[in-house]
Protein chains: 2
Amino acid sequence: MRRGIEFKKKARIIIVDDNYEHLSGIKELIEIESDFDVVATATSASVAISLIKKYRPEIVLMDINMPEKDGLTAIAEIEKLELGVRIIALTGYDDPDLIFRAMKIGAKGYILKTMASAQLIYAIDEVAAGKIYLPATLSSRFFEYFQRSFKEETEEVEDEENLLNYLTQREEEVLDLLTQGITYKGVAKKLFISETTVKTHVNNIFQKLQVNDRTQAVLYALNNGFLNKRKVKIAI
Amino acid sequence: MRRGIEFKKKARIIIVDDNYEHLSGIKELIEIESDFDVVATATSASVAISLIKKYRPEIVLMDINMPEKDGLTAIAEIEKLELGVRIIALTGYDDPDLIFRAMKIGAKGYILKTMASAQLIYAIDEVAAGKIYLPATLSSRFFEYFQRSFKEETEEVEDEENLLNYLTQREEEVLDLLTQGITYKGVAKKLFISETTVKTHVNNIFQKLQVNDRTQAVLYALNNGFLNKRKVKIAI
DNA sequence: CTATTTATAGGCCATGTGGTCTAAATCTTT
DNA sequence: AAAGATTTAGACCACATGGCCTATAAATAG
């Protein structure tokens, strides 16, 4: 929109792809069809990382199907450097899990090799402008995967019998302190009750949770959303 | 594309909005501009839920800024019913947190009231076709929020000194068994070593983790990505 | 080839933990 | 008002746990 008025800095790009044919193909495409500046290319992730440190490009196009060090690991490593490099993942597969993982570790875009070249340029444009770019088809997949993984997560917790529901208020308080690694004495002091009372509560908790020591009780509590209960209430 | 050839079932829609003006506006818009069937409308979430149970619509347009029972809670409840209803969240705010939460609990679309009516129809079209629809601007926000929350999550774990790194392999094995709530005896059996050896390891673990009982050790391990280490290695 | 680390194991003792039983005061529910 | 659940508390006992110490074989590092 404001093109032509604002100063247009050519974004510098590094392309990484173990397939040399494809690499030079993309390079040419970008040089001809766009006004980005391809400052370097690499056919392996390790070389790419040193090049990135050297050239500090704005954008990295990263093939994530490479032998030895794979692209995802490379992306994670680059992100860790915190150089402000914006990485676009490039691959032949529209596997939702792959997309999800790439976005999770910080990729700012994800495009398929089969996509039209115009879309590649557009993606770079968007990412260079600070946005995140996923083609509509992929973002749909991403969302499905996202929702599915989230549903499983909450289902696991709410599923069937959650023995935590049988605990009384006081027992929950005691368990809460147990999950902080506090002893009988400590709990007694905090709740202003005697140590034996705490023991009684703890024994009742064990029976209700069907465990026989505090570690198992704490693990049960943690695995069954004891701490999450509050979090979920606030978060959703 | 295959329009006209395939049998076109009119998707049934229920619209929920506490603002009556707006509600009827959308209703008219849909009835005139699309061929969806608005089977009912509601101005409160609780009424909406009973209507949904009765009419079993394919699509629900849900305003998420409503008094009393808010839209997000309503969406969560409807999703829990597992009626296969596809919900589109409708609101005036493009708050990324709100978008994220809506998608998290299962909304299949999210559109702003300020958006053009054509976009609303398009969104319904997409969602009715089984896809998930987020306008480009919102999906960008969503992704940013997604990445940010994920980054924080991993940073918390990798941050600074992780005392777990000082543990030897054997100590990690022992701790692993402790995080499963196993006693000295059990650990000894599993590792084919004597009970006193286990105690020695455990004591060393305590010192390294700067704790003084197993519960605290387990909690430290869990909070500092002990179990995640493997997961992360496999997952990323 | 020594020095260090790691894994192994034992003893001793204080204290924490868990099992079981009883029981009273208080609060809910019917 | 009676029945039931919850919270409180005690006694008793077996055993698990944790602190502290020493010590040896094996592996690793310098």
Side-chain angles (χ1 to χ4, degrees), chain A residues 161-227 229-230 233, chain B residues 161-227 229-230 233:
Chain A
E161 287 275 278
N162 190 337
L163 299 176
L164 290 171
N165 295 144
Y166 297 130
L167 297 183
T168 67
Q169 261 186 299
R170 200 56 161 171
E171 285 162 356
E172 280 191 3
E173 287 179 67
V174 173
L175 181 54
D176 184 34
L177 294 173
L178 287 191
T179 62
Q180 292 170 41
I182 302 180
T183 65
Y184 286 148
K185 261 193 194 120
V187 176
K189 266 192 186 171
K190 291 227 172 196
L191 299 183
F192 303 105
I193 53 180
S194 100
E195 208 179 321
T196 49
T197 305
V198 178
K199 287 179 62 172
T200 310
H201 286 311
V202 171
N203 274 304
N204 290 334
I205 292 171
F206 288 170
Q207 290 206 332
K208 289 186 179 178
L209 301 188
Q210 292 165 21
V211 298
N212 34 39
D213 62 62
R214 67 216 278 99
T215 310
Q216 287 177 7
V218 168
L219 289 171
Y220 185 92
L222 263 39
N223 289 328
N224 293 81
F226 183 67
L227 294 174
K229 274 190 180 177
R230 281 162 280 169
K233 286 258 165 71
Chain B
E161 287 273 277
N162 190 338
L163 299 176
L164 291 172
N165 295 144
Y166 298 130
L167 298 183
T168 67
Q169 262 186 299
R170 200 54 160 174
E171 284 162 359
E172 281 192 2
E173 287 179 68
V174 174
L175 180 55
D176 183 34
L177 295 174
L178 287 193
T179 61
Q180 291 169 43
I182 302 180
T183 65
Y184 286 150
K185 260 191 194 125
V187 176
K189 267 192 186 171
K190 290 226 173 195
L191 299 183
F192 302 106
I193 53 179
S194 102
E195 207 179 322
T196 48
T197 305
V198 177
K199 285 179 62 172
T200 309
H201 285 312
V202 170
N203 274 303
N204 291 333
I205 292 171
F206 288 171
Q207 290 206 332
K208 289 186 179 178
L209 301 188
Q210 292 165 23
V211 299
N212 36 38
D213 62 62
R214 64 213 287 106
T215 310
Q216 286 178 6
V218 168
L219 289 171
Y220 185 92
L222 263 39
N223 289 328
N224 292 83
F226 183 69
L227 294 174
K229 276 191 177 174
R230 278 163 284 171
K233 286 260 166 69

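Shown here is K190(A), whose NZ atom has no more than 12 heavy atoms of other residues, nucleotides or ligands within 6.0 Å.
In this structure the side chain of N224(A) never reaches within 4.5 angstrom of the side chain of L163(A), judged on heavy atoms. Side-chain contact between E173(B) and R170(B) is present, with heavy atoms from C-beta onward closer than 4.5 Å.
The nearest whole Å value for the distance from the CD1 atom in I205(B) to the P atom in dG18(D) is 11 Å. Atom-to-atom, CG of N203(A) to C1' of dT17(C) comes out at 9 Å; the value is rounded to the nearest Å. Distance D213(B) CG to dT17(C) P: 7 Å, rounded to the nearest Å. Note: CD1 (I182(B)) to P (dT17(D)) measures 11 Å, nearest angstrom. As rounded to whole Å, 14 Å separates atom C1' of dG10(D) from atom NE2 of H201(A). If you take CD of E171(A) and C1' of dT8(D), they are 13 Å apart, rounded to a whole angstrom. When rounded to the nearest whole Å, the span between OH of Y166(A) and P of dA5(D) equals 14 Å. If you take CD of Q169(A) and C1' of dT28(C), they are 13 Å apart, rounded to a whole angstrom.
Residue T200(B) has its side chain nearest to dA9(C) when only dT20(C), dA9(C), dA16(D) are considered. Of the candidates dT6(D), dG16(C), dT6(C), the closest approach to any side-chain atom of T168(B) belongs to dT6(C). The side chain of N212(B) has dG19(D) as its nearest neighbour among dA7(C), dG18(C), dG19(D). Among dC20(D), dT17(D), dT7(D), the nucleotide with an atom closest to any side-chain atom of R170(A) is dT7(D).
Residue Y184(A) comes nearest to E195(A) through the heavy atom pair CB-CG, 3.7 Å, listed as atom of the first residue, atom of the second, then distance. Between L175(A) and A221(A) the shortest heavy-atom distance is CD2-CB, 3.9 Å. Of all heavy-atom pairs spanning L164(B) and Y220(B), the tightest one is CG-CE2, 3.9 Å.
As judged by a 4.0 angstrom heavy-atom cut-off over every strand, T197(A) is placed among the base-contacting residues. Within 4.0 Å of N204(B), counting heavy atoms only, lies no atom of the nucleic acid at all. Within 4.0 Å of T196(A), counting heavy atoms only, lies at least one base atom of the nucleic acid.
Within residues 184-191 of chain B, the residues having any heavy atom under 4.0 Å from DNA chain D are, by residue number, Y184(B), K185(B).
Judged by closest nucleotide on DNA chain C, I193(B) is the one of T183(A) and I193(B) placed further toward the 5' end.
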For Q216(A) and D213(A), what are the C-alpha separation, side-chain angles and deciding distance, and is it a side chain to side chain contact (heavy atoms under 4.5 Å, CB included)? CA-CA 6 Å; Q216(A) 287 177 7; D213(A) 62 62; 3.7 Å; yes
